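To keep things clear, I will list the structure first and then write my remarks on it.
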There are 2 protein chains.
Amino acid sequence: MAKQVFIDSAADYLGQEVVINGWLYNKTHKGKLAFLMIRDGTGIIQAVVFSGNVSEELFEQCIHLPQESALRVTGVLKEDKRAKGGCELQVDTLEIIHIAEEYPITPKEHGTDFLMDHRHLWLRSSRQHAIMKIRHQIIKACRDYFDGLGFTLIDAPIFTPSVCEGTTTLFETDYFESKAYLTQSGQLYMEAAAMAFGKVYCFGPTFRAEKSKTRRHLTEFWMIEPEMAYCDLSQDMDLAEGMIEYVVQQVLENRKDELETLERDTGRLEKIVRPFPRITYDEAVQILHEANAEFKDGDDFGGGDETIISDKFEKPVMVTHYPAQVKAFYMKTDPAKPDRALCVDMLAPEGYGEIIGGGQREDNLDILLTRIKEHNLPADAFKWYLDLRKYGSVPHAGFGLGIERTVAYICGLQHIRETIPFPRTIYRLYP
Amino acid sequence: MAKQVFIDSAADYLGQEVVINGWLYNKTHKGKLAFLMIRDGTGIIQAVVFSGNVSEELFEQCIHLPQESALRVTGVLKEDKRAKGGCELQVDTLEIIHIAEEYPITPKEHGTDFLMDHRHLWLRSSRQHAIMKIRHQIIKACRDYFDGLGFTLIDAPIFTPSVCEGTTTLFETDYFESKAYLTQSGQLYMEAAAMAFGKVYCFGPTFRAEKSKTRRHLTEFWMIEPEMAYCDLSQDMDLAEGMIEYVVQQVLENRKDELETLERDTGRLEKIVRPFPRITYDEAVQILHEANAEFKDGDDFGGGDETIISDKFEKPVMVTHYPAQVKAFYMKTDPAKPDRALCVDMLAPEGYGEIIGGGQREDNLDILLTRIKEHNLPADAFKWYLDLRKYGSVPHAGFGLGIERTVAYICGLQHIRETIPFPRTIYRLYP
């Protein structure tokens, strides 16, 4: 029996008879030849059917087969330098596994809602395929980066009893006799883990019940959050820039075809090498003023502000020392300027906005207690978190990287809904 | 300035002066010498302080320093063959970063509730440390296994509109104007993804609102779920046994010290190599009857039944062809015996029960519609899932591996609550 092969390794079997299982992506025919473009999830190959090789009935069927019908083709692989995979299949036998109904997604323009309603099928398109392959590469690169540096993966819980940053954007669920909230960040748990393992990260879904309808927001998104004991803001920034450099370079190295499918300007990505620019909040505000942007000193930056700031740089820019009042209660303040936080946001180039937020955490018990009170947070729920400042409190820092925004940036996508297999937004819970 | 090193690489710096940042794990003293056992998350090292090298006040402080106080020690690394890491540190200078309050976890016995309430600190113990290191290794091995075989990671959504296996164990949340349920399995989404990418997997948290109080149940647990197009039950089982062999061998190879800390009988793990035994449900029932177990033919197996069956084997055993009625609606039935499902459960040895459940999925639209009706499921919510049988339906199969049960088995743990950093059970939502 002929060997079953996947299309991405077909070129290794030139001259051999092989079996390919797949789906019909496109077709044409000319006289006694039918040209079937077959996809199998790893690639696309042209299969050439000569009417003399199959029954008349089967040849007729081939010519009229609807898109996405399932096929098993057996034949000999022949070199074809013009083809993407470098070869085509000369079909000896062909078995139709399933004749598809008329495929709803056609080459004509579809509205976004229609495509999102058919996300389970839309994923079969070469564009969505390319995005998901790059997403996988980004996630793998993040994990490999931290694993390679000796970090320990410590999964943060999804159900939490308490609240990290405000309650208005929390999803709540009945939890037997009480209430649980879906996590917005694993950070507080990572702080506990960093005191046990030194260098840790978590990687999982996080949730925000944001009513926001912008193209940058999902209700469910994935974050990787490293945290290190005995680490200051500057070391934290070194880690963040090292990770982004590694991730971008891994994608450039391993996902060339996919970037090409997306028509991504890779020249801009090739420039993403260390060091990245580091500026303070004050310097960023200066940029806004010079651009005559409407901005009130002391405020946090909006999406438009971030674009103006990041447009000044070819690489991601790290902005530090925001006013403490616009940042979370756990941020450590600068001893030299107590109204400033030892924090960093990394803004991606090309208007993609914040992809990383992080900084040093408050390690002094009394200051932290004061901050919790000032923020009207329930001290009880933070009892365990406060313990970390009682038993060997040390300087520590970390950050969170939003996977979907990073995918949008690296792929060059207009809207975040294409960055995740099954996006969830305020209006979208299906499929 | 001396180089800062982590304890796990200290042996590479013998004879050199280094800085180690860590926490006091244990201490003794004798005359002019204080022996501080310091942990930094990567290992434990003995630091020897000679009273002549530090101020009298500091030496006194050393001797009375509470456990988990934070320290920065500088000194020369000296070979010590009796020590675990192969060396000890002769301290030149010592800086106390934080003096801990009296540490609540002491060498005396603590109740489970006490330890679970202090999970954020308990993770610092060498036993919990070893478990989490092995957990990380297991997760990494699973991902590497599928990545190496060309699978694409496709994250399944956490929020779902519909229900996979019954509604009684679902967590529900308000989702803007409607309701959403937390996923119990990514499988249905993986079926869609397999038709787009051929070979896929998802890896993420899943949720069951089970009132069960057994030592095998968590409300929040992690699963890896591969799914393959053009795959039958037998190929599915090949993949499952290949994965388990790889995972166990990776842990044996890379986590020797941690298995030793847990006093795991590694001889039993060394036997976990392919092929694994494969028996049918009927053969498994026969084993129960021979053991005079109380069991009604046609029922699903309980935990006790699984133990009796798996005790017959040294390796994980794969049980196939359960009665269709005890399995989910999407299971394909055996064409030769329509009352049996083309399914497989893998039962771990040593009484650890089911770690894998999977099988072939129904690929015929009409049969699937009938099954959905028979199970009183809302056909509307499954519209997208049914589409997969309209547009190129092919034989496909997959399985789900429960990470926590696998950690329990490989580590040899009595209770599943130790297998995850922050366990969630019916009574436990804190810390």
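Not measured: the values here are computed from a predicted model. Residue numbering restarts at 1 for every chain, and letters A, B, ... go by the order of the sequence lines.
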Among [options], residue most engaged with chain B (heavy-atom pairs, under 4.5 Å):
| options | value |
| --- | --- |
| A:S69, A:P157, A:C202, A:A229 | A:P157 |
| A:M132, A:R143, A:E172, A:K133 | A:R143 |
| A:E191, A:K211, A:M195, A:E68 | A:M195 |

Compare every heavy atom of [Y] with every heavy atom of [X], then report the nearest pair and how far apart it is.
| X | Y | result |
| --- | --- | --- |
| B:A70 | A:V394 | CB-CG1, 3.2 Å |
| A:T160 | B:R424 | CA-NH2, 4.4 Å |
| B:R39 | A:A196 | NH1-O, 3.3 Å |

Among [options], which residue forms the greatest number of heavy-atom pairs with chain A at distances under 4.5 Å?
| options | value |
| --- | --- |
| B:D8, B:V200, B:L71, B:D144 | B:L71 |
| B:P66, B:G204, B:G150, B:P104 | B:P104 |
| B:A192, B:G198, B:P421 | B:P421 |

Close side-chain approach of [X] and [Y], heavy atoms under 4.5 Å:
| X | Y | value |
| --- | --- | --- |
| B:D155 | A:I139 | yes |
| B:I158 | A:I158 | no |
| B:K140 | A:L153 | no |
| B:Y230 | A:R72 | yes |
| A:Y385 | B:P431 | no |
| B:R119 | A:W384 | no |
| B:P395 | A:I97 | yes |
| B:Y391 | A:R124 | yes |

Mind checking whether A:F159 and B:F207 have parallel, tilted or perpendicular rings, split at 30° and 60°? perpendicular
What distance do [X] atom [atom1] and [Y] atom [atom2] have between them, rounded to the nearest 0.5 Å?
| X | Y | atom1 | atom2 | answer |
| --- | --- | --- | --- | --- |
| B:K383 | A:D117 | NZ | CG | 8.0 Å |
| B:I154 | A:R135 | CD1 | CZ | 8.0 Å |
| A:T173 | B:Y181 | OG1 | OH | 11.0 Å |
| B:L388 | A:H120 | CG | NE2 | 6.0 Å |

If I measure from the heavy atoms of chain A, does [X] come under 4.5 Å with its side chain, its backbone, both, or neither?
| X | result |
| --- | --- |
| B:P205 | side chain |
| B:R389 | backbone |
| B:D40 | backbone |
| B:F151 | backbone |
| B:L182 | side chain |
| B:S9 | neither |
| B:N21 | both |
| B:I420 | neither |
| B:W222 | side chain |
| B:E102 | backbone |
| B:S126 | neither |

Give a yes or no on whether the ring-centroid distance for A:Y427 and B:F176 is below 6.0 angstrom.
no
Problem - Check: B:G392 main-chain N/O paired with A:W23 side-chain donor or acceptor under 3.5 Å - result: yes
For a quick check under 3.5 Å, do [X] and [Y] share a side-chain donor-acceptor pair by atom type?
| X | Y | value |
| --- | --- | --- |
| B:Y175 | A:T219 | yes |
| B:D363 | A:H98 | no |
| A:H136 | B:D147 | yes |

Practice problem: Report yes or no: is the cationic atom of B:K199 (NZ for Lys, CZ for Arg) closer than 6.0 Å to the six-membered ring centre of A:F6, at no more than 45° off its axis? | Solution: yes
So, the part of A:S178 with a heavy atom under 4.5 Å from chain B: the answer is side chain
